[in-house]
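Written out below as C-alpha cells is the structure these notes cover.
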Amino acid sequence: MDINLQIGMTAEKKEEVTENNTAIKYGSGGVAVYATPAMIGIMEGTCLAAVDPHLPEGMSTVGIHLDVKHLSATPVGMSVRATAKLTEISGKRLTFAVEAFDDKEKIGEGTHQRYIIDLAKFLQKAQEKKA
C-alpha cells in the first residue's frame, strides 16, 4: 500500500452561517451565532479534503483527536472559511493545524488528528458491535 501524503498539504472549505448551524440549532448554546460544533465540523471536513483524495482506493481517514479554541462569535448572514494544513505524519496518524475565519477575523484555531483506515475493515469492526 503506497500512501502519497506530504507534510504541507492544505485544503480550504467555506460555508454560510444560517439558522441551521447556530448554537441554538445544535443545542450547544442559547444564542443564534455560529455553533462551535459547526466550526469543528468544517475544520474536520477541511482536513479530510486535504488528504482523503490522495489515499488509495478503499482507504479513508477518521478523526481521533481535537484541540480547538473558538475565539469569536459569528452572526447569521456572515460566511466562515476553514483552512487545514498537514503538519505531521506518524505512521497512519496525521496531524493538522486548523483555523477558521469569518468575514472579519479569525474565529477558531487548533490541531486535529486523523487516522488512516482500511474502510471495509473499519466498517466490519463497527458492525460487529451490534452482534
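Expressed to the nearest 0.5 Å, how far CD1 of Ile64 lies from CD1 of Ile117 amounts to 11.5 Å. Interatomic distance, Gln113 CD to Ser90 OG, rounded to the nearest 0.5 Å: 9.0 Å. Here Thr18 contributes atom OG1 and Lys25 contributes atom NZ; the two are 9.0 Å apart, rounded to the nearest 0.5 Å. Atoms NE2 and CD, on His70 and Glu109 in that order, are 11.5 Å from each other to the nearest 0.5 Å. Atom NZ of residue Lys130 and atom CD of residue Gln127 lie 4.5 Å apart, to the nearest 0.5 angstrom. Put simply, NZ on Lys13 and CD1 on Ile42 are 7.0 Å apart, with the number rounded to the nearest 0.5 Å.
Taking hydrophobic clusters as Ile, Leu, Val, Met, Phe, Trp and Tyr residues chained together by side-chain heavy-atom distances below 4.5 Å, Ile107 shares a cluster with Ile40. A continuous path of Ile, Leu, Val, Met, Phe, Trp and Tyr side chains, each step under 4.5 Å between heavy atoms, connects Val80 with Met43, placing both in one hydrophobic cluster. Residue Ile7 is grouped with residue Leu55 when hydrophobic side chains (ILVMFWY) are merged at heavy-atom distances under 4.5 angstrom, including chains of intermediate members. Transitive grouping of hydrophobic side chains (ILVMFWY, heavy atoms separated by less than 4.5 Å) keeps Leu123 and Met59 in distinct clusters.
Closest heavy-atom contact between Val62 and Phe122: CG1-CZ, 3.9 Å. Across Leu66 and Val68, no two heavy atoms sit closer than the pair CD2-CG2, 3.8 Å. Of all the heavy atoms in Ala100 and Met39, the pair that sits closest is CB-CG, 3.9 Å. Between Val98 and Thr111, the shortest heavy-atom contact is CG2-N, 4.0 Å. Across all their heavy atoms, Glu105 and Ser72 have their closest contact at OE2-OG, 2.6 Å. Taking all atoms of both residues into account, the shortest heavy-atom contact from Thr74 to Val17 is CG2-CG2, 3.8 Å.
Under the 4.5 Å side-chain criterion, counting only non-hydrogen atoms from C-beta, Leu5 is in contact with Ile89. Annotation: side chain of Gln6 is not in contact with side chain of Leu86 (no heavy-atom distance under 4.5 Å). By the 4.5 Å heavy-atom criterion applied to side chains, Lys85 and Met9 are not counted as neighbours. Residues Ile116 and Val51 are not in side-chain contact: their nearest non-hydrogen atoms beyond the backbone lie 4.5 Å or more apart. Under the 4.5 Å side-chain criterion, counting only non-hydrogen atoms from C-beta, Leu94 is in contact with Phe96.
Counting only N and O atoms by type, the side chains of Thr83 and Glu12 include no donor and acceptor under 3.5 Å apart. When only modelled atom types and interatomic distance are considered, Tyr34 and Glu16 share no side-chain donor-acceptor pair under 3.5 Å.
Judged purely by atom type and a 3.5 angstrom limit, Arg93 has no side-chain atom pairing as donor or acceptor with the backbone of Tyr115. Within the 3.5 Å criterion, the main-chain N or O of Thr95 finds a donor-acceptor partner in the side chain of Thr87. A side-chain donor-acceptor contact under 3.5 Å links His112 to the backbone of His65. With hydrogens and angles ignored, the 3.5 Å screen pairs no side-chain donor or acceptor of Asp103 with any backbone N or O of Met78.
For Arg114 and Glu44, the salt-bridge test passes: some basic side-chain N is under 4.0 Å from an acidic carboxylate O.
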side-chain contact (heavy atoms from CB on, under 4.5 Å) evaluation trace for Glu19 with Val76:
CA-CA 7 Å; Glu19 298 296 331; Val76 171; 3.8 Å; yes
